[in-house]
Protein chains: 2
Amino acid sequence: MNVQHGLDRLMKKGYKYTKKREDILRYFNQENRYWSAKDLLRSMRASHESISFDTIYRNLYLFVQLDILEVTDLNGEKHFRIKCDKHHHHFICLMCGITKEINLCPIHDVIKELPHYFIEDHKFEVYGTCPTCKSA
Amino acid sequence: MNVQHGLDRLMKKGYKYTKKREDILRYFNQENRYWSAKDLLRSMRASHESISFDTIYRNLYLFVQLDILEVTDLNGEKHFRIKCDKHHHHFICLMCGITKEINLCPIHDVIKELPHYFIEDHKFEVYGTCPTCKSA
DNA sequence: TTTTATAATCGTAATCATTCTTATTTACAA
DNA sequence: TTGTAAATAAGAATGATTACGATTATAAAA
């Protein structure tokens with residue numbers, strides 16, 4: 001999901017193009033990791049001095065709703081990242097924040113274990129230290 | 001982990017017995033589910049009218065630290081439940097909040113998949129509707 | 001190009017969960 | 001019974017997030 005794909009999806013749904021929206025997508029495309037709303041605000045202020053919290057949050061959740069970003073709770077704060085094309089989960093480095101795909105999803109086995117339950121969603125996250133931070 | 005076990009562990013570590021602490025443990029022992037700090041406060045006010053937020057949070061995190069309770073983030077709010085004796089994960093019903101053990105943990109396969117990573121923790125939660133709520 | 005409708009944004013106040021601070025009370029060991 | 005550290009109450013402070021009225025910008029129509 002690159003910047004252009006995100007913008008295309010946005011406009012196809014009738015939302016308007018703005019430079020801020022493009023820059024938000026650029027921000028998330030530059031690195032494979034989660035960022036908080038505050039992280040994004042800090043970066044955006046460099047090029048858009050008067051951008052407001054409202055714009056940050058409104059667009060973050062718009063992108064989540066359009067399946068362009070995904071969101072998770074990391075110690076009580078919402079964090080966002082580019083949505084991956086195929087379903088998978090992430091290892092998250094607690095030191096640098098970088099994420100790495102885990103190509104292993106246990107949900108199908110769980111469905112078998114819970115025959116009378118209706119399963120809507122699941123979350124699987126692994127936390128620790130990445131090789132780079134470990135050797136530093 | 002019943003009420004008496006929790007209190008024993010508490011006192012063995014040098015913390016004092018209080019009726020409030022006992023009642024907090026009773027609250028979590030009565031049902032197999034997560035409750036928020038606010039849920040607990042509401043219930044505690046029935047028998048301890050002037051109990052404060054501070055007492056609620058201080059004891060919740062004390063119990064987490066002593067491995068008597070476990071904590072998770074459910075849509076931006078911390079929720080707590082009795083810690084299970086053996087490691088496992090939970091299905092959480094989005095309608096009634098009840099939880100059910102999942103006897104399946106994928107972490108060992110993940111460790112194999114990430115040889116140069118140091119893994120400290122992981123979270124696996126499954127969300128949906130339990131059989132009781134589904135048929136209602 | 002100009003006009004128009006409405007989507008998007010700004011600036012700031014409000015809200016909500018959580019944490020902190022200070023004074024007071026309580027548990028329990030001596 | 002008394003002394004002392006732990007525990008608590010009350011409420012202020014904090015920090016993330018949401019809400020809101022006024023203003024500005026986008027995109028489509030004239």
Side-chain angles (χ1 to χ4, degrees), chain A residues 6-27 34-66 68-81 97, chain B residues 6-27 34-66 68-81 97:
Chain A
L7 290 174
D8 288 348
R9 183 172 302 182
L10 188 78
M11 305 192 64
K12 194 155 45 180
K13 296 267 181 171
Y15 295 96
K16 292 180 177 171
Y17 166 88
T18 68
K19 185 66 167 57
K20 294 192 181 77
R21 283 176 169 165
E22 179 176 346
D23 288 353
I24 291 174
L25 291 183
R26 280 194 196 292
Y27 181 72
Y34 284 95
W35 297 105
S36 69
K38 203 169 30 158
D39 292 331
L40 174 61
L41 182 76
R42 190 178 301 122
S43 166
M44 291 290 286
R45 289 259 205 230
S47 44
H48 306 271
E49 334 178 355
S50 62
I51 193 169
S52 72
F53 266 111
D54 190 71
T55 302
I56 297 289
Y57 282 104
R58 187 167 20 75
N59 284 310
L60 283 174
Y61 285 106
L62 174 63
F63 288 141
V64 169
Q65 183 195 310
L66 294 177
I68 294 166
L69 294 181
E70 59 183 70
V71 58
T72 195
D73 235 294
L74 297 176
N75 47 287
E77 207 176 345
K78 293 285 198 317
H79 284 69
F80 303 82
R81 56 161 290 139
Chain B
L7 290 174
D8 289 348
R9 182 172 300 181
L10 189 77
M11 305 194 64
K12 193 155 49 184
K13 297 267 182 171
Y15 294 97
K16 294 180 177 169
Y17 166 87
T18 68
K19 185 64 166 59
K20 293 192 182 76
R21 282 176 171 164
E22 179 177 346
D23 288 353
I24 291 173
L25 291 184
R26 280 195 195 293
Y27 181 71
Y34 284 96
W35 297 104
S36 70
K38 205 169 27 155
D39 293 331
L40 174 61
L41 182 76
R42 191 178 300 123
S43 165
M44 292 289 286
R45 285 263 156 104
S47 42
H48 307 270
E49 336 179 353
S50 62
I51 193 170
S52 72
F53 264 111
D54 189 73
T55 300
I56 296 290
Y57 280 105
R58 187 167 20 75
N59 285 309
L60 283 174
Y61 285 107
L62 174 62
F63 288 141
V64 169
Q65 183 193 311
L66 295 177
I68 295 167
L69 294 182
E70 58 184 74
V71 57
T72 195
D73 235 294
L74 297 176
N75 48 284
E77 206 177 346
K78 294 284 197 316
H79 284 68
F80 303 82
R81 56 161 290 137

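In what follows, chains are A, B, ... by sequence order, proteins preceding strands, each numbered from 1.
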B/S/- contact track for nucleotides 19-30 of chain C, protein heavy atom under 4.0 Å: BBB-----BS--

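Ion pairing between K19(A) and D23(A) holds under the 4.0 Å rule for side-chain N and carboxylate O.
L41(B) places its CG atom 12 Å from the C1' atom of dA9(D), with the value rounded to the nearest Å. For the pair L60(B) CG and dT8(D) C1', the computed distance is 15 Å after rounding to whole Å. Counting to the nearest Å, the C1' atom of dG15(D) and the CD1 atom of I56(A) are 16 Å from each other. With rounding to whole Å, N59(B) atom CG is found 15 Å from dT18(C) atom C1'. Taking atom CD of residue E22(A) and atom P of nucleotide dT26(D), one finds them 12 Å apart after rounding to whole Å. As a whole-Å value, the separation of E77(B) CD from dA16(D) C1' is 13 Å. The interatomic distance linking N75(A) (CG) with dA17(C) (C1') rounds to 15 Å, in whole Å. Atom C1' of nucleotide dT26(D) and atom NZ of K20(A) are separated by 12 Å, given to the nearest angstrom.
Side-chain contact between K78(B) and Y57(B) is absent, with no heavy atoms from C-beta onward closer than 4.5 Å.
Not counting sequence neighbours, K20(A) has no partner by the salt bridge (charged side-chain N to carboxylate O under 4.0 Å, His left out) test.
Within the 4.0 angstrom heavy-atom criterion, base atoms lie near R58(B).
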Go through the steps to decide whether Y27(A) and W35(A) satisfy the test ring-ring contact (aromatic ring centres under 6.0 Å, His included), and finish with yes or no. CA-CA 9 Å; Y27(A) 181 72; W35(A) 297 105; 5.2 Å; yes

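Residue order along DNA chain C, read from the 5' end via each residue's closest nucleotide, puts L62(A) first among E49(A) and L62(A). Take the nearest nucleotide of DNA chain D for G14(B) and for H48(B): the residue whose nucleotide is more 5' is G14(B).
Judged by distance alone, the side chain of R81(B) and the main-chain N or O of E70(B) form no donor-acceptor pair under 3.5 Å. Under a 3.5 Å cut-off, the side chain of R21(B) and the backbone N or O of L7(B) do not form any donor-acceptor pair.
Residue S52(A) has no polar side-chain atom (N or O) positioned under 4.0 Å from OP1 or OP2 of dT9(C).
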Please list, one pair per line, the donor and acceptor atoms closer than 3.5 Å that link side chains of residues 37-44 of chain B to other protein atoms, with sequence neighbours excluded.
from: D39(B); atom 1: OD2; to: S36(B); atom 2: N; distance (Å): 2.8
from: D39(B); atom 1: OD2; to: S36(B); atom 2: OG; distance (Å): 3.1

